[in-house]
Amino acid sequence: MSTTRPHIPRITLSDGTTIPQLGFGTLRVQPDREQSATNAEITAQVVGLALEAGYRHIDTAQNYGNEQGVGQAIAASGIPRDELYITSKLGDHNHRPDDVLRSFEQTLERLGLDYLDLFLIHWPLPTQYDGDYASTWKAMTELVAQGRLRSAGVSNFQPAHLERIVAATGVAPTVNQFELHPYFTNEAARAASARLGIAIEAHSPLGHDGKPLEDATITRIASAHGKTTAQIILRWHLQRGHVVIPKSARPARMAENLAVFDFELTAEEIASIDALDRAASGRVGPDPDTYPGQPD
Ligand SMILES: NC(=O)C1=CN([C@@H]2O[C@H](COP(=O)(O)OP(=O)(O)OC[C@H]3O[C@@H](n4cnc5c(N)ncnc54)[C@H](OP(=O)(O)O)[C@@H]3O)[C@@H](O)[C@H]2O)C=CC1
Ligand SMILES: O=C(O)C(=O)[C@@H](O)[C@H](O)C(=O)CO
C-alpha cells in the first residue's frame, strides 16, 4: 500500500457520521452490468488499483452489477474495515419496501461486508411504483434502525422529491448524490439539499463525457496553477463543499484526481467556473422527473 496517501478531509453528516469528501466512482469500470465472474475480476482489479492509490471511499450501486468485484477488491486489500467508506445504491427494480430490505442483504453479501456506510435510493422514479418513493424512503430509514446501515440517503432527488419524503416521514436524507459539474450546477437541488441539512455529493463530477475538461476558462485557470483541468474541477467542487467521486480506470489519473489538496482557487476563479453553467442543456444524464429506471 502507498505510504504517501493524501489526507482527505471528511464532512459531518446530519446523523453525526462523517464521509470522506473525495471518493472513487465505479460506473462502467467493467464492460457491462452483468454480475459475471469476468466482470467481477475486472472490477476487482480497477478498484484494487484505486485502493492502492489511496482512495478509501468507494461508490457502487446495485444497478452497476459490480458489487461483487468491489467486495473482492476490499477483501484482497487487507485494509481495516473502519478505514473504508462504502456506498451502494438501491436498484431501480427494488423500490418496494420488502425488496429494499431483501436487496440490501444481497448487497452486503456481494460486498462481503457486515455493514454499509451509506445506502442511497438511486433514482426517485416518480413515474413508477405509483410514484410512492416515500414508502421506499421509509424502508431505507428502517435499515438504519436495524443497525446494518450507518447512513441512509438519496440520489438524483430534485427539490419536490426531497420535500415529499421529508413531509411523509419527518426524516431527511443524510446525502443527496446528483449530477453536478461546471456545465450543470443544478442550483435548485443544491439549494433544497442545503436548506434541509443534506450533504451534497456530485456524481459525474468531471462532466462524465469529458467536455468540461476541455473548457477554455478551466484550461486558463489550470495553466495559472500548474494543474490539470480535472484537478481544477475537483478543487472547485471541494471548495464549494461537495463530496466528489471521480471515476478513472487509469492509475495515473486515479493519482492525479487525488492530488487536489495542495492548492486553492481564488473566489474569482470559483465564480468564473460557476458562470459556465448551461442549465438544463448541460445535463448529460437522465432527468430524474422522467427517468423510468433501467429496463428489465
Ligand atoms: N447516482 C447516479 O445516478 C450516478 C452516479 N455516478 C457515480 O459518479 C461516478 C463518477 O461519474 P462518471 O459518470 O463516472 O463520470 P466522471 O465525471 O467521473 O468522469 C469520468 C470520465 O472522465 C475520465 N477521467 C477521469 N479522470 C480524468 C482525468 N484526470 N483526466 C482526463 N479524463 C479523466 C474517465 O476516463 P478513464 O476511466 O478512461 O480515465 C471517464 O471517461 C460514477 O463512477 C458513479 O460512481 C455517475 C452517474 C450517475
Ligand atoms: O451511473 C448511474 O448511477 C446511473 O444511474 C446511470 O448509469 C443511468 O443508469 C444511466 O446512465 C441511464 O442512461
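The figures here come from the full heavy-atom set of this structure, side chains too, leaving out hydrogens, waters and symmetry mates. Position 1 is the first residue of the sequence, and the numbers go up from there. Order of listing sets the numbers, starting from 1, for every ligand and every atom in it.
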(request) Identify, for atom 12 (C) of ligand 2, the protein heavy atom at the shortest distance, and state residue, atom and that distance. (result) Tyr291 OH, 3.4 Å
(request) Consider only side-chain N and O atoms of Gln62 and Asn94, and report whether a donor and an acceptor are under 3.5 Å apart. (result) yes
(message) Please compare Lys89, Glu214, Arg253, Arg28 and report which has the shortest non-hydrogen distance to atom 33 (C) of ligand 1.
(response) Arg253
(request) For ligand 1, indicate whether the residue Ala230 contacts it via side chain, backbone, both or neither (heavy-atom separation under 4.0 Å). (result) side chain
(message) Could you tell me if the side chain of Thr217 sits less than 4.5 Å from the side chain of Arg220, heavy atoms only?
(response) yes
(request) Verify whether one side chain among Gln68 and Asn39 offers a donor that lies under 3.5 Å from an acceptor in the other. (result) no
(message) If the contact criterion is a heavy-atom separation under 4.0 Å, does Phe24 count as touching ligand 1?
(response) no
(request) Classify the angle between the aromatic ring planes of His95 and Tyr129 as parallel (below 30°), tilted (30 to 60°) or perpendicular (above 60°). (result) parallel
(request) Measure the distance from atom 13 (O) of ligand 2 to every protein heavy atom, then report the residue, atom name and distance (to 0.1 Å) of the closest one. (result) Pro286 CG, 4.0 Å
(message) So, 4.0 Å and heavy atoms of His181: is ligand 1 close enough to count as a contact?
(response) no
(message) So for Phe178, does at least one of its heavy atoms come nearer than 4.0 angstrom to any atom of ligand 1?
(response) no
(message) Return the closest protein heavy atom for atom 47 (C) of ligand 1 as residue, atom name and distance.
(response) His203 ND1, 3.4 Å
(message) Any heavy atom of Arg28 closer to ligand 2 than 4.0 angstrom?
(response) yes
(request) May I ask you to identify, for Ser204, whether its side chain, its backbone, both or neither come under 4.0 Å of ligand 1 on a heavy-atom basis? (result) both
(request) Give me the ring orientation class for His181 and Tyr183: parallel if the planes are under 30° apart, tilted from 30 to 60°, perpendicular past 60°. (result) perpendicular
(message) What I want to find out is whether Glu163 reaches Arg195 closely enough, with some N-O distance under 4.0 Å, to be called a salt bridge.
(response) yes
(request) Show your reasoning for whether ring-ring contact (aromatic ring centres under 6.0 Å, His included) applies to Tyr64 and His122. (result) CA-CA 11 Å; Tyr64 298 170; His122 202 144; 5.7 Å; yes
(message) I need the nearest protein heavy-atom contact for atom 38 (O) of ligand 1: residue, atom name and distance, please.
(response) Arg250 NE, 2.9 Å
(request) Could you tell me if any non-hydrogen atom of Pro246 lies under 4.0 Å from any atom of ligand 1? (result) yes
(message) I need the nearest protein heavy-atom contact for atom 1 (O) of ligand 2: residue, atom name and distance, please.
(response) Leu27 CD2, 3.1 Å
(request) Can you pull out the closest protein heavy atom to atom 39 (O) of ligand 1? Residue, atom name and distance to 0.1 Å, please. (result) Ser248 OG, 2.6 Å
(request) Check whether any N or O atom of Leu206, backbone or side chain, sits under 3.5 Å from an N or O atom of ligand 1, and answer yes or no. (result) yes
(request) Quick one: look at Arg33 and ligand 2, take heavy-atom pairs under 4.0 Å, and tell me if it's side chain, backbone, both or neither. (result) side chain
(request) Identify the residue among Trp137, Trp123, Tyr133, Tyr291 that makes a ring-ring contact (aromatic ring centres under 6.0 Å, His included) with Phe157. (result) Tyr133
(message) On a heavy-atom basis, I'd like to know which of Asn156, Asn63, Leu27 is closest to atom 3 (O) of ligand 1.
(response) Asn156
(request) Check each heavy atom of Gln177 against ligand 2 and say whether those closer than 4.0 Å belong to the side chain, the backbone, both or neither. (result) neither
(message) Students should be able to answer this: which protein heavy-atom is nearest to atom 25 (C) of ligand 1, and at what distance?
(response) Lys247 O, 3.1 Å
(request) Could you establish whether Leu213 and ligand 1 come within less than 4.0 Å of each other, counting only heavy atoms on the residue side? (result) yes
(request) Check each heavy atom of Asn257 against ligand 1 and say whether those closer than 4.0 Å belong to the side chain, the backbone, both or neither. (result) side chain
(request) Please say which of Arg235, Gln231, Glu269 ends up in a side-chain contact (heavy atoms from CB on, under 4.5 Å) with His225. (result) Glu269
(message) I need the nearest protein heavy-atom contact for atom 4 (C) of ligand 2: residue, atom name and distance, please.
(response) His122 NE2, 3.6 Å
(message) As a quick check of understanding, evaluate side-chain contact (heavy atoms from CB on, under 4.5 Å) for Tyr115 and Asp117, giving each step before the final call.
(response) CA-CA 7 Å; Tyr115 73 89; Asp117 297 281; 3.6 Å; yes
(message) Applying salt bridge (Lys or Arg N to Asp or Glu O under 4.0 Å) as the test, list every pair that has at least one member in residues 13-25; sequence neighbours left out.
(response) none
(message) How far is atom 15 (O) of ligand 1 from the closest protein heavy atom, and which atom is that?
(response) His208 CA, 3.4 Å
(request) Consider ligand 1: state whether an atom of it lies below 4.0 angstrom from any non-hydrogen atom of Gly207. (result) yes
(message) Nearest 0.5 angstrom please: Ile121 CD1 to Thr136 OG1, how far?
(response) 5.5 Å
